[in-house]
Every structure is written in structure tokens, then in C-alpha cells.
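Worksheet for the structure shown next.
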Amino acid sequence: MQRWIKLPDGRFVDANRIMYIGKVETYPRTDEDGNDLGQGYNVNIGTDVARDQQLTIMGGKDEVLLVLKQILGTAPAG
């Protein structure tokens with residue numbers, strides 16, 4: 001049975017196809033004018049070993065953590 005999870009950028013991924021989850025990394029976020037938007041978070045997720053089957057989820061702390069919780073099955077689908 002497929003378990004679709006919505007990513008912060010609007011795409012969907014079947015959580016049952018995910019083979020690995022990388023390390024969560026942080027980076028400074030800025031807008032087009034150079035204003036500080038705070039800390040950004042990203043994590044690599046792979047649905048296969050091939051590089052073209054890897055996704056990078058980027059967003060705020062709450063967005064990235066919600067997706068990870070959904071993948072691991074500890075949060076309701078959003």
C-alpha cells in the first residue's frame with residue numbers, strides 16, 4: 001500500500017519507497033535582498049541507490065521535521 005507524503009515544495013513521495021535518510025544539515029537563509037531569514041534545514045532522502053533517485057528536502061525546522069516524522073510513521077499525514 002502506498003503512503004504518500006507531501007514535501008515542503010509541493011511534491012509527493014511514497015514513504016514506502018524510501019531506502020535511506022541522510023543527516024540533517026543546517027545553513028543560513030537569506031532573501032533576494034540579503035536579509036537574514038534565520039536557520040534553514042535540509043536532508044537528503046533516497047528512493048534508490050542511483051543519484052537521480054535522491055531528493056533534497058529544504059525548509060524550516062518544523063517543515064523538515066514534519067516530513068521526517070511522516071516518513072518514520074510517527075505523525076499524521078499532512
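Bear in mind that the values here come from a model prediction, so they are computed numbers and not experimental data.
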Return the [atom1] to [atom2] distance between [X] and [Y], rounded to the nearest 0.5 Å.
{"X": "Lys69", "Y": "Asp62", "atom1": "NZ", "atom2": "CG", "answer": "8.5 Å"}
{"X": "Thr26", "Y": "Arg29", "atom1": "OG1", "atom2": "CZ", "answer": "11.5 Å"}
{"X": "Ile45", "Y": "Ile21", "atom1": "CD1", "atom2": "CD1", "answer": "5.5 Å"}
{"X": "Lys23", "Y": "Glu25", "atom1": "NZ", "atom2": "CD", "answer": "6.0 Å"}

Practice task
State whether the side chain of Asp31 and the backbone N or O of Asp33 hold a donor-acceptor pair below 3.5 Å, judged by distance alone.
Solution key: yes
Exercise for the section: Verify, without hydrogens or angle tests, whether Thr47 (side chain) and Gln53 (backbone) share a donor-acceptor contact under 3.5 angstrom. Expected result: yes
Handout entry: Smallest separation among heavy atoms of Gly59 and Val64, with atom names
Key = N-CG2, 3.9 Å
Exercise for the section: Of all the heavy-atom pairs spanning Val43 and Gly22, show the shortest one and how long it is. Expected result: CG2-O, 3.2 Å
Please examine the side chains of [Y] and [X], heavy atoms only from C-beta on, and report whether any two atoms are closer than 4.5 Å.
{"X": "Tyr27", "Y": "Met58", "value": "yes"}
{"X": "Trp4", "Y": "Gln70", "value": "no"}
{"X": "Leu68", "Y": "Val24", "value": "yes"}

Practice task
Step through the shown structure and confirm whether more than 12 heavy atoms of other residues, nucleotides or ligands are within 6.0 Å of CZ on Arg3.
Solution key: yes
Practice task
Have a look at Val67 and tell me which of Ile57, Leu55, Leu72, Val13 forms a side chain to side chain contact (heavy atoms under 4.5 Å, CB included) with it.
Solution key: Ile57
Exercise for the section: For the pair Asn42 and Thr56, evaluate side-chain hydrogen bond (donor to acceptor under 3.5 Å, both in side chains) and give the outcome as yes or no after the intermediate values. Expected result: CA-CA 7 Å; Asn42 71 348; Thr56 300; 5.8 Å; no
